[in-house]
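First the structure, in the form of structure tokens, and then the observations on it.
Computed from a predicted structure; not experimentally measured.
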Amino acid sequence: MSSSVPVSDTAHVRLNGRRQRRLAVTLASLVAVSLGNHQAAAQTRPRAHTTAVPILMYHVIAAPFPTSPFPGLYVPPGEFAAQMQALASAGYHAVTLDQVWAALHGTGSLPARPIVISFDNGYRSQYTQALPVLRRLHWVGNENLQLSGLPPRQGGLSSIQIRGLIAAGWELDTQGLSHADLTGLGATALHREVAVRSLIRRRYGVDAKWFCYPSGRYDAMVIAAVKAAGYVGATTVSPGWATRTDDPYRLPRLRVLGGTDPHALLELIAGARNDPHPPPTYLPHA
């Protein structure tokens, strides 16, 4: 008997082979397109930023007076300008806390070496001296405004100046109504000091999403009040770099004192990168 395959069966095999090859090519094309689309989406999709971010803390951008109670909080304008230039030369770029928050949670992006330049209490010199320096670098700052307790006649920002900061791209955050020690207040007074977001929105048309603890003092009750008031987080005076693993209501900051030359500032920043997280309670004068 012959073992050859009938002509009709041979043609059928050749036809099936062609179909299989065409099907394989089609499937390969679909897989390639799918992989390309996935890779393109992955490239454009925001990812959680794993880099730690230093947050600097400034107060008065001026030379101290002979009678200044806290002369270390005064940074002369020339010194401040030299510090900012040193940061820029080192590759840093100033961003806001909102930008940091978005990047750390995968909904935004940050430059290669982000840094936050924050200012406490609402001193006029932050507008007259710091703003021009940051503007020349195309940078922004974070203003932690206390809504009362530092009027213009005492060197505080005017409403026009605050709006000027916002117009320049600065983020407006807050230290609350005044600079009271929040850890010494009862529940009603604490709520009054902290729950000022609606007042800021009415006055300045922006949402203050971040709280700054006055003098850095906080405890569990204060943190609970800040959360209840709708803030997404808060900054402390404990040194370190902010990371995604930090409690957002206890973000560290680096205090910059007068007399800090640019090289010393860069060393201060680098040296604080691995500092421990801020403690659950901060009562340094208790």
Side-chain angles (χ1 to χ4, degrees), residues 49-62 64 70-77 79-101 103-104 110-123 125-126 129-130 133-134 137 139-145 170-171 173-175 179 210-218 233-279 282 284:
H49 202 286
T50 57
T51 302
V53 181
I55 305 173
L56 302 187
M57 175 193 352
Y58 286 92
H59 291 80
V60 190
I61 309 303
F70 303 104
L73 300 183
Y74 288 70
V75 176
E79 191 172 282
F80 177 77
Q83 291 171 352
M84 296 301 104
Q85 187 56 58
L87 291 174
S89 297
Y92 286 102
H93 189 93
V95 297
T96 66
L97 282 174
D98 282 349
Q99 288 175 292
V100 172
W101 176 262
L104 292 179
L110 290 173
R113 301 192 75 180
I115 192 167
V116 177
I117 316 294
S118 70
F119 300 85
D120 288 5
N121 305 119
Y123 290 100
S125 61
Q126 296 161 2
Q129 302 296 335
V133 172
L134 296 186
L137 295 170
W139 284 7
V140 294
N142 271 66
E143 179 61 49
N144 294 316
L145 183 69
W170 285 38
E171 181 175 292
D173 297 315
T174 185
Q175 288 189 300
H179 203 265
W210 296 87
F211 194 80
C212 174
Y213 300 117
S215 300
R217 292 170 62 84
Y218 61 87
T235 53
T236 71
V237 298
S238 296
W241 290 37
T243 70
R244 194 166 186 253
T245 60
D246 278 310
D247 179 345
Y249 294 92
R250 291 184 286 124
L251 292 185
R253 289 193 299 167
L254 297 170
R255 191 197 308 269
V256 183
L257 299 176
T260 304
D261 66 50
H263 180 71
L265 176 60
L266 293 175
E267 286 188 337
L268 171 70
I269 294 170
R273 179 158 193 161
N274 296 316
D275 281 1
H277 297 304
Y282 186 85

Problem - R273 side, atom CZ; D275 side, atom CG - distance, nearest 0.5 Å - result: 12.0 Å

Problem - Side chain proximity check, P252 to H277, heavy atoms < 4.5 angstrom - result: no

Completion exercise
Value for CG (L97) from CG (D173), rounded to nearest 0.5 Å, stands at 5.5 Å

Fill in the blank from the handout: Tightest non-hydrogen contact, residues M84 and Y58, listed as CE-OH, 3.3 Å

Practice task
Please report the shortest heavy-atom distance between Q126 and H59, naming the atom on each side.
Solution key: NE2-O, 2.8 Å

Practice task
Just do the side-chain contact (heavy atoms from CB on, under 4.5 Å) check on I61 and F119 with the steps written out, would you?
Solution key: CA-CA 10 Å; I61 309 303; F119 300 85; 4.2 Å; yes

Practice task
Test R250 against Y282 for side-chain contact (heavy atoms from CB on, under 4.5 Å), laying out the working first.
Solution key: CA-CA 10 Å; R250 291 184 286 124; Y282 186 85; over 6 Å; no

Practice task
For the residue pair N144 and W210, confirm or rule out a side-chain donor-acceptor distance under 3.5 Å.
Solution key: no

Exercise for the section: Kindly indicate whether the side chain of Q85, heavy atoms from C-beta on, has any atom under 4.5 Å from the side chain of L137. Expected result: yes

Handout entry: Donor-acceptor pair, side chain of E143 and main chain of G122, under 3.5 angstrom
Key = yes

Exercise for the section: List the atom of Y92, the atom of P114, and the distance in Å for their closest heavy-atom pair. Expected result: CD2-O, 4.0 Å

Practice task
Decide yes or no for V60 and V75: does some side-chain heavy atom of the first lie under 4.5 Å from some side-chain heavy atom of the second?
Solution key: no

Practice task
Decide yes or no for L254 and L265: does some side-chain heavy atom of the first lie under 4.5 Å from some side-chain heavy atom of the second?
Solution key: no

Handout entry: Validation row: S125, Y74 side chains within 4.5 angstrom (heavy atoms)
Key = no

Exercise for the section: Return the minimal non-hydrogen interatomic distance between N142 and W170, and the atom names on each side. Expected result: N-CE3, 4.3 Å

Exercise for the section: Could you check if a side-chain atom of D120 sits within less than 4.5 angstrom of a side-chain atom of R253, using non-hydrogen atoms only? Expected result: yes

Handout entry: Test side-chain contact (heavy atoms from CB on, under 4.5 Å) applied to L257 and L73, step by step
Key = CA-CA 5 Å; L257 299 176; L73 300 183; 4.1 Å; yes

Practice task
Considering non-hydrogen atoms only, spot the tightest contact between H179 and S215 and give its length.
Solution key: CE1-OG, 3.1 Å

Problem - Donor-acceptor contact present, side-chain R113 to main-chain A90, <3.5 Å - result: yes

Handout entry: Closest approach of E79 to T260 (non-hydrogen atoms, all atoms of both residues)
Key = OE2-N, 3.5 Å

Handout entry: Separation of D246 CG from W241 CH2 (nearest 0.5 Å)
Key = 13.0 Å

Practice task
Could you grab the distance from atom CH2 of W139 to atom NE2 of H93, nearest 0.5 Å is fine?
Solution key: 7.5 Å

Practice task
Taking R255 for its side chain and M57 for its backbone only, find out whether a donor-acceptor pair lies under 3.5 Å.
Solution key: no

Problem - Check against side-chain contact (heavy atoms from CB on, under 4.5 Å), L104 and T243 - result: CA-CA 8 Å; L104 292 179; T243 70; 5.9 Å; no

Completion exercise
CG (L266) and CG (D261) are apart, to the nearest 0.5 Å, by 9.0 Å

Exercise for the section: Please check if the side chain of N121 supplies one atom and the backbone of Y123 the other of a donor-acceptor pair under 3.5 Å. Expected result: no

Handout entry: Check: T174 side chain, F211 main-chain N or O, donor-acceptor pair, under 3.5 Å
Key = no

